[in-house]
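Right, one structure below, let's go through it.
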Amino acid sequence: MPKSPARQIDAAPLDAAAVLQWYDRNARDLPWRVPPADRARGIAPDPYRIWLSEVMLQQTTIAAVRSYYARFTALWPSVADLAAAPLDRVLVEWAGLGYYARARNLHACARAVVERHGGVFPTRSAELLALPGIGAYTAAAIAAITGDEEVAVLDGNVERVLARYLALPVPVREAKEGLRAYLQEQVPQRAGDFAQAMMDLGATICAPRSALCMLCPLQPGCLGTRADPLVYPVKAAKPERPVRFGHAFVIRDRDGDIYLRRRPEKGLLARMAETPTTPWTDEALPVVFPFAADWRALMPITHVFTHFRLELSVWTAEAPVPADLAEGWWAAPEGLDDEALPSLFRKVLASAGL
DNA sequence: AATTCGTGGAA
DNA sequence: TTTCCAAGAAT
């Protein structure tokens, strides 16, 4: 019994065989992917690497992920290697990729795999779903890609493909479980290739701002292509992005080292490194310096988060001696690459020429 | 169930 | 310049 009355979707079946044929000829070459020809020879991908790539790819472009994926797999070739690393080391490597809860969950998941599964990464969706940072999509993707579990893999790409194919008249959020149930009925053998095919299709043919329907293997049965496929998926109104203001402080000592500290364990940029800032407020307030010094104004910076935009004035000064800034540490300019600094604070430091 | 989580590149 | 948005999860 489904917990919510998922609206039933009655529609013509989807030509999964045509999708697989298209994939055999057009599969994208990706660092974590086993090409369909190799997959047919029985070569299966490493679940650890598929998991790592899937977590990195959550709400993140392939272009942004590439270098991070290469670095992580070089540093930590197995899940046991990753589990053995300190969390703060993982955060340093994740810095700049965003959505830092992913890195904390990644590390927790690696340790759970070592503890609960003896270091053998699970490949069944039900077990995967119980691990930190693995939700419905990621569990299904790993299970399908590594073990050909015949499970619906529904990501943003596939949602768009299906919304157009079915000419879905409501926002995807309102029909998600119905879409999942419909897709589940369409999953063929070679479930892993089918999942990757549907995602490639959404990324290259049935893209957000362009639909190359003449090249699409699903064009014959597609309801969206009969008028304007680009009107789907129907989306809800976007709330506008508020602005917040604050002041950031680049504090140097006599050697030129920079004062950094760790952000709180919860909330935005949790546990990452930062330069001190004032609280961020919805109105621009006069600056309150952390100590009396010869403060100089630097170029202010703007940083855009998902749900607000931040305008930071940037100030710099030499710390008083002896410096009583207890909870943080001093970092040499050459050592900043080894700090878990989010892009926001890279911008702040760049404003000081660092 | 609606919000809260980053970032950078493309249109 | 502004807008959109990318292989979502946790709460």
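Keep in mind that what you see is a predicted model, and the values were worked out from it rather than measured. Naming convention: chains lettered A, B, ... in sequence-line order (proteins, then strands); numbering from 1 in each chain. Atom set for the values below is all heavy atoms of this structure, side chains included, hydrogens, waters and symmetry mates excluded.
A:His247 places a side-chain N or O within donor-acceptor distance of the main-chain N or O of A:Leu285, the cut-off being under 3.5 Å.
A sub-4.0 Å separation between OP1 or OP2 of B:dG6 and a side-chain N or O of A:His303 is absent. Regarding contacts with the backbone of C:dG8, a side-chain N or O of A:Gln59 is found under 4.0 angstrom from either OP1 or OP2. The side chain of A:Lys347 contributes no N or O atom lying less than 4.0 Å from OP1 or OP2 of B:dT7. Between A:Tyr99 and C:dA10 there is no side-chain polar atom (N or O) within less than 4.0 angstrom of OP1 or OP2. Between C:dA6 and A:Arg160, a contact under 4.0 Å exists linking OP1 or OP2 to a side-chain N or O. For the pair A:Lys238 and C:dT3, the criterion of a side-chain N or O lying under 4.0 Å from OP1 or OP2 is not met. One finds a side-chain N or O of A:Ser343 lying less than 4.0 angstrom from the OP1 or OP2 phosphate oxygen of B:dG8.
Relative to the side chain of A:Asp155, the nucleotides B:dA2, C:dC5, C:dA7 differ in distance, and C:dA7 lies closest. Residue A:Arg209 places its side chain closer to B:dA10 than to any other of C:dA7, C:dG8, B:dA10. The side chain of A:Tyr137 approaches C:dG8 more closely than any other nucleotide in the set C:dG8, C:dC5, B:dT4.
Between A:Trp329 and A:Tyr259, a ring centre-to-centre spacing not shorter than 6.0 Å is recorded. Ring centroid separation for the pair A:Phe289 and A:Trp315 comes in under the 6.0 Å cut-off.
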Can you give each donor-acceptor pair under 3.5 Å made by side-chain atoms of residues 215-244 of chain A, sequence neighbours left out, with the distance rounded to 0.1 Å?
residue	atom	partner	partner atom	Å
A:Asp228	OD1	A:Leu230	N	3.0
A:Arg241	NH1	A:Phe305	O	2.7
A:Arg241	NH1	A:Thr306	O	2.8

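Side-chain atoms of A:Thr61 and base atoms of B:dG8 include no donor and acceptor less than 3.5 Å apart.
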